[in-house]
Amino acid sequence: MRQALVLGLVAGFAAAPSPQAAAQTEDPVAAEFDKFREVLEKDNPAELWEVKGEQLWKTPRGPKNASLEKCDLGLGPGVVKGAYAQMPRYFADVGRVMDAEARIVHCMITLQGFTYAELAKAPFSNATRTPDPVSITTYVAAQSAGVKLAAPQNHAQEKAAYAAGKEIFFYRAGSFDFSCTSCHGVDGQRIRTQPLPNFTKPEQAIRSVQGWPGYRMTGGVMHTLQWRLNDCYRQQRFPEPGYTSETLSALLTYLTVNSNGQVYKGPGIKR
Amino acid sequence: MKLKTLAMLAAGAALLASCATGPGDARRDALAMMQRDFHARGIAGMDRLKQDEVQAACNKYNDNPPKELAAKLQSQQYAGVKWPQDGKYLGDWKSGEKIAQNGRGMAWNDKGGVGGSCYNCHQIGPATTSFGTIGPSLYQFGKLRGYGTDIQRYAYAKIYNAKAYTACSQMPRFGHAGALTEAQIKDLTALLMDPASPVNQ
Amino acid sequence: MQETRRSVIRAGGALGLLAAFGTALLKPGRALAARNQGAFEAKSAVDAMRSLGVSNAEDSKDIVIRAPDIAENGAVVPMDITSNIPGTTSISVFIEKNPFPYTGTFDFSQGAVPFVHLRAKLGESTPVRVVVAAGGKYYTAVKEVKVTIGGCGG
Amino acid sequence: MADPMKIRATLQGDVADVRVLMAHPMETGQRKQAGKAVPLHFIQSITAQLNGKTVFSADISQAISRNPVFAFKVKGAKAGDKIVITWKDNKGETRTDETTVRAGL
């Protein structure tokens with residue numbers, strides 16, 4: 001009874017105009033951010049990590065004292081150009097779909113002799129340290145700048161990864177009942193002042209891929225999509241997803257395939 | 001690797017069979033994958049991956065459940081609202097403003113509940129221009145709706161459990177989830193409903 | 001030409017500097033000009049300018065400050081500063097509400113165009129003041145930059 | 001040792017557009033890590049030379065963003081001219097890198 005009454009009240013007031021509702025439709029704040037995003041991207045500190053990543057790729061390192069120049073990113077051993085734009089993809093040697101960083105970590109293990117445990121122990125950048133896979137992923141990504149995204153959907157496992165990724169994207173759980181769609185399922189919304197693209201739409205999905213790996217202004221550190229998804233899940237109040245796990249590769253398959261056909265611009269700059 | 005993966009997928013699927021509603025292959029694979037790939041960290045245990053009835057229904061119906069189901073879920077959620085012990089809904093709006101500003105709480109790097117993250121999604125007080133737009137503006141909440149006890153009670157319950165009114169609301173169930181205490185919810189209710197709060201100026 | 005760095009600001013403010021700090025800051029002919037520590041440690045833009053000897057700065061529309069009205073992130077606020085005043089030798093920047101407002105002086109010589117792009121940290125919404133030294137005089141312009149809270153705040 | 005700078009110098013008419021990225025933490029002394037304040041650590045001065053002549057120099061504070069970015073312009077430059085940039089920080093560490101001016105598009 002009580003509830004019905006209040007519901008009626010609420011419905012009655014829903015039509016009351018919000019004093020600043022107009023400000024929400026055409027977002028001048030977002031427009032201002034976009035204008036200066038261009039200025040910031042013109043000179044991007046991410047380039048400092050591209051240089052570092054290239055050195056790490058070419059230098060013999062690890063217990064096996066090998067470089068990564070024989071690493072197969074999906075276009076054949078050692079082919080870096082354009083590879084990032086065609087991942088995640090299925091790799092027969094491991095029987096699973098891998099995103100770029102997952103594949104780089106795989107190569108560091110198999111070619112150079114590093115262990116997953118040591119690479120996964122502290123995989124994200126902080127003020128004093130940028131993990132090697134982050135720099136290498138930045139280098140690899142830069143070699144796909146200007147290339148159209150074309151994450152393949154040929155192998156059955158690539159299709160399965162897309163389908164699983166979609167389910168993961170929509171999965172609502174955790175203390176706050178959030179899914180990825182809580183922030184990225186509706187057009188034109190923002191959290192605080194940060195615009196939230198709707199990743200279920202192809203024209204906006206590109207914003208999940210574009211600008212990553214990204215130089216993050218907060219903290220002034222380099223981050224990859226592995227970090228982005230990890231921190232989304234933290235804020236989603238979920239438990240923690242495994243670094244370079246199949247779950248994250250599947251989610252990245254969903255996001256990248258949704259963006260296929262659009263031009264990837266290389267490492268970017270993020271708030 | 002492949003065999004192991006399949007075995008784990010199967011095991012995971014069995015584990016999750018209880019909460020998977022009408023599972024297709026993709027859904028079953030996804031749930032098994034998540035069950036295998038996530039790990040507990042800090043206060044965020046693996047139990048958080050298990051959907052309750054509301055989450056499962058919203059997931060299944062894409063946040064748009066049939067009317068009867070929505071009504072049933074809402075009344076269940078409403079029945080679980082714990083009302084203030086002293087019967088008063090309004091706390092201190094100044095403290096409420098701080099709670100509304102604070103975006104921390106319940107994540108794996110938190111110790112428990114902290115703030116309400118309210119400004120992340122709502123316009124509230126006039127002094128803060130960096131507000132989100134996921135939820136409706138709450139500016140002049142009391143002034144527009146009246147300051148009566150029924151509205152106080154509604155605001156309190158909405159913060160305690162938003163799903164008591166909209167089954168698949170995007171708003172967290174702060175009281176239900178243990179993310180905010182009774183005192184904090186009263187402070188937030190005061191922020192919205194106290195005639196002296198800047199929200200109502 | 002290192003020894004001429006800061007020379008105009010010094011010449012213009014020599015009296016003020018002498019009065020405030022004595023001759024310690026004025027060491028013409030040093031390979032690397034002495035850093036004006038007093039200005040960098042000043043807690044207000046006014047005090048910093050006094051340390052630098054900036055006085056009677058005249059408002060000028062010929063100083064163009066291109067910076068965001070609202071910065072996406074206070075940690076990295078991009079600014080393009082151009083002086084169209086003939087004979088410009090330096091551009092100084094003061095972020096008025098930062099704990100230490102004096103952010104730096106950029107000197108131009110031997111054909112350098114009086115323009116600089118920089119990125120600075122803004123602790124809060126603040127006026128950004130630019131002082132240009134040209135022909136032994138000072139000119140100034142100001143631009144308000146708002147700093148907001150972005151993201152989830154978690 | 002400090003990481004190298006990335007310098008780009010491109011000719012636009014007879015003006016060289018010089019853009020530089022520097023790898024430096026630019027610690028303000030106010031940031032805390034594990035409960036302890038990270039000490040002040042920032043670039044204090046920058047000089048840039050074109051063919052050996054100083055054209056641009058700066059004294060800066062810790063308020064310049066982490067991993068600093070600067071751009072400046074020099075009139076009368078030609079393709080092949082040498083640009084040398086040096087920074088020095090408050091701990092006395094210094095780094096010098098160079099590039100040649102390239103013809104614009």
Side-chain angles (χ1 to χ4, degrees), chain C residues 1-7 9 31-37 39-42 48 52 71 73-83 89-123 126 128, chain D residues 8-9 12-22 24-31 40 42-78 81 83 85-90 92 94 101:
Chain C
M1 293 313 287
Q2 293 278 17
E3 58 273 23
T4 65
R5 298 182 68 226
R6 222 61 81 243
S7 55
I9 267 195
L32 260 175
R35 183 179 174 81
N36 191 323
Q37 203 58 28
F40 280 111
E41 285 171 9
L52 291 165
N73 193 326
V76 186
V77 179
M79 302 174 195
D80 281 336
I81 304 167
T82 307
S83 169
T89 49
S90 78
I91 289 174
S92 298
V93 180
F94 304 84
I95 299 167
E96 294 192 358
K97 290 197 183 165
N98 269 3
F100 303 102
Y102 180 40
T103 306
T105 294
F106 303 86
D107 292 329
F108 310 93
S109 55
Q110 311 268 357
V113 178
F115 156 86
V116 64
H117 169 82
L118 62 100
R119 295 172 189 187
K121 297 170 204 151
L122 271 58
T126 176
V128 173
Chain D
R8 233 190 309 258
Q12 291 166 348
D14 71 335
V15 176
D17 178 36
V18 185
R19 320 192 71 91
V20 55
L21 304 172
M22 302 171 177
H24 201 284
M26 299 300 286
E27 291 290 354
T28 59
Q30 322 237 335
R31 195 175 67 85
L40 200 59
F42 66 105
I43 293 175
Q44 287 193 317
S45 66
I46 299 160
T47 55
Q49 297 184 325
L50 177 80
N51 296 335
K53 292 182 300 184
T54 297
V55 286
F56 174 85
S57 60
D59 278 353
I60 58 169
S61 82
Q62 62 274 25
I64 293 296
S65 303
R66 193 176 157 87
N67 299 312
V69 175
F70 293 102
F72 57 93
K73 293 173 177 176
V74 192
K75 210 170 152 57
K78 311 178 297 296
D81 283 357
I83 297 269
I85 300 179
T86 299
W87 59 249
K88 190 175 176 190
D89 73 16
N90 66 322
T94 178
V101 176

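Chain identifiers are assigned alphabetically (A, B, ...) following the order of the sequence lines, protein sequences preceding nucleic acid strands; residue numbering begins at 1 within each chain. The figures that follow rest on heavy atoms only: side chains count, while hydrogens, waters and symmetry mates do not. None of these values were measured; they are calculated from a predicted model.
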Tell me, out of D/Val74, D/Thr28, D/Val55, D/Val18, who's got the most heavy-atom pairs with chain C below 4.5 Å.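 Answer, by heavy-atom pair count under 4.5 Å with chain C: D/Val55.
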
Heavy-atom pairs under 4.5 Å with chain C are the metric here; pick the option from D/Gln44, D/Lys75, D/Gln62 that has the most.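 Among D/Gln44, D/Lys75, D/Gln62, the one with the most close pairs to chain C is D/Gln44.
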
Side chains of [X] and [Y]: closer than 4.5 Å at any heavy-atom pair?
{"X": "C/Pro78", "Y": "C/His117", "answer": "yes"}
{"X": "D/Arg19", "Y": "D/Phe70", "answer": "no"}
{"X": "D/Met22", "Y": "D/Ile85", "answer": "yes"}

Below 4.5 Å, heavy-atom pairs only: which of C/Pro114, C/Gly111, C/Gly104 has the largest tally toward chain D?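 Most heavy-atom pairs within the cutoff with chain D belong to C/Gly111.
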
Partner chain D: residue of C/Ala75, C/Ala112, C/Pro101 with the largest heavy-atom pair count (under 4.5 Å):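 Looking at each option in turn, the highest pair count goes to C/Ala112.
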
Please tell me whether D/Asp89 and D/His24 have a donor and an acceptor in their side chains that are separated by less than 3.5 angstrom.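 Judged by distance alone, the side chains do pair up.
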
Side-chain H-bond candidate by donor/acceptor type, D/Thr47 with D/Ser57, under 3.5 Å: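 No - no donor-acceptor pair under 3.5 Å links their side chains.
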
Interface moiety of C/Phe108 toward chain D, non-hydrogen atoms closer than 4.5 Å: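 For C/Phe108, the contact with chain D is made by backbone and side chain together.
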
